[in-house]
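So the structure is just underneath, and the comments pick up after that.
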Protein chains: 2
Amino acid sequence: MADTAGGAGAAEAAGLPVTGWAVLGLLSFGRELSGYDLKKWADASLGLFYWSPSFSQIYGELRRLERAGYARSRLVAPESGSRGKRTYRITDEGLAAVRAWARETPVDPPVLKHGPMLRLWLAHLLDPSEMRAVLTHHRDHADRMHARARLDAAHAATEPAWAGPALTLRWAERYYAAERDLADAMLRDIEAPEGPAEP
Amino acid sequence: MADTAGGAGAAEAAGLPVTGWAVLGLLSFGRELSGYDLKKWADASLGLFYWSPSFSQIYGELRRLERAGYARSRLVAPESGSRGKRTYRITDEGLAAVRAWARETPVDPPVLKHGPMLRLWLAHLLDPSEMRAVLTHHRDHADRMHARARLDAAHAATEPAWAGPALTLRWAERYYAAERDLADAMLRDIEAPEGPAEP
DNA sequence: CAGCGCATGTAATCTGTTACATGATTAG
DNA sequence: CTAATCATGTAACAGATTACATGCGCTG
């Protein structure tokens, strides 16, 4: 319902899921992009501090954004008989909406689902070598993410008007450095003769 | 299908969602608990490094665990005509299964959905005072979590045989301290006259 | 010209949440 | 004695993922 009748698709406004705002946020930088491009960009930027939605969800959100009047799409047909893709551009209403969202909606707190810690929490089911393996693996992962963030941050710093992305990339760089150090600290805790003893 | 026919409920084994393993992990500490108790305990311990499932999901997972033969429930009827609740206890098969899961299943990497960073990533839609507000609010949140973890870690350290929980609580304590420091660092970045300049 | 991978999407499924229903106990 | 709150659960819904379908373009 609601989408029946000739109701010229004017903004249904109201509740978009956060993912929808994230996609609209990607578009708010002004470029005209396809779902595929958005996914790749989301992996590279959003993925460092927010999870990156799957292709199918991005396509779904784009359809919803267009229905709400926040984005407009057009079919781009290439010279030869190539596939023909659909690209999206944000509308003025969309820009106003995402700005209002960013300013007025209460920020929901960070959500963490830390797989490695979930394992180590069950230390009574593991032996020390397995715990070490989990931690070193996690340490390496954090290190890789740190390197990625470092590179991207350096790159973003060159582009002006990218204050936001540059800021959060810098944050991510520090975050993953901290994550790596925390893994190292825990490895030391495990190696320590007995109870960590509060200093 | 599959659940039809009198197939005496013997372990269907195979794929439990991670949440299922987390609940079974809670039970693996040996206590007999109701869904309500599990929820409260999950909020206090799991919630610091992994999200805490809702009541309804816990109830659902418990039913699934029992069907799989990993837990057994019984109705506890109180002396007077009180409500009568259902408590769960892990079975030997359940303990073996969760141990095998903890040891053999590849650890999935940490998942982060950082609401505050999502906002700051859209800095071009905010003005400086709004950015500061997001950050100070986040800083306070991290500080509160830090205090919680600190208390719980101290408490867990007294109980022996709680190596795992104590270890992860200690990790959480450091994690939220780092999170608070990162927020402070970003506040300084914003205040800084211009580009952060890589030292 | 056969097969593999990229690019664009759709459909089916499953995980997890919010809203609701029920009863018992406690506070005013 | 009524209202609020705790405790236990169920049902309906929404968000998100995996699997599938399609077609072009390149490599062997």
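A note on names: the letters A, B, ... follow the listed sequences, proteins ahead of strands, and every chain is numbered from 1. Since the model is a prediction, treat every value here as computed from it, not as a measurement.
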[X] side chain, from C-beta outward: closest of [options]:
{"X": "B:R86", "options": "D:dT8, D:dA16, D:dG9", "value": "D:dG9"}
{"X": "A:Y59", "options": "C:dG9, C:dT18, D:dT10", "value": "C:dG9"}
{"X": "A:K113", "options": "C:dG16, C:dT17, D:dT18", "value": "C:dG16"}
{"X": "A:P17", "options": "D:dG15, C:dT15, D:dC6", "value": "D:dG15"}

Whole angstroms only, please: what is the [atom1]-[atom2] distance between [X] and [N]?
{"X": "B:L75", "N": "D:dA7", "atom1": "CG", "atom2": "P", "value": "18 Å"}
{"X": "A:Y50", "N": "D:dG15", "atom1": "OH", "atom2": "C1'", "value": "12 Å"}
{"X": "A:K40", "N": "C:dG5", "atom1": "NZ", "atom2": "P", "value": "17 Å"}
{"X": "A:E61", "N": "D:dT17", "atom1": "CD", "atom2": "C1'", "value": "14 Å"}
{"X": "A:L62", "N": "C:dA7", "atom1": "CG", "atom2": "C1'", "value": "15 Å"}
{"X": "A:W41", "N": "C:dA7", "atom1": "CH2", "atom2": "P", "value": "18 Å"}
{"X": "A:I58", "N": "C:dG9", "atom1": "CD1", "atom2": "P", "value": "12 Å"}
{"X": "B:L38", "N": "D:dA7", "atom1": "CG", "atom2": "P", "value": "14 Å"}

Give a yes/no answer on whether the side chain of [X] brings an N or O atom under 4.0 Å of OP1 or OP2 in [N].
{"X": "B:T19", "N": "C:dT15", "value": "no"}
{"X": "A:R63", "N": "C:dT10", "value": "yes"}
{"X": "B:S34", "N": "D:dT8", "value": "yes"}
{"X": "B:W51", "N": "C:dT17", "value": "yes"}
{"X": "B:K39", "N": "D:dC6", "value": "no"}
{"X": "B:Q57", "N": "C:dT17", "value": "yes"}

*Tell me, do A:W171 and B:W121 make a side-chain contact under 4.5 Å, heavy atoms counted?*
no
*Side-chain heavy-atom pair A:Y88, A:E66 within 4.5 angstrom cut-off*: yes
*First locate atom CD of A:Q57, then atom NZ of A:K39, and finally report the distance between them rounded to the nearest 0.5 Å.*
10.0 Å
*B:R148 and B:D43: which non-hydrogen atoms are nearest, and at how many Å?*
NH2-O, 3.1 Å
*asked:* Could you check whether B:E61 and B:T19, counting side-chain N and O atoms only, form a donor-acceptor pair closer than 3.5 Å?
replied: no
*Using the closest heavy atom to pick a nucleotide of DNA chain D for each, name whichever of A:F55 or B:Y36 lands nearer the 5' end.*
B:Y36
*When we call it a touch if two heavy atoms are under 4.0 Å apart, what does B:S56 touch: a base, just sugar-phosphate, or nothing?*
base
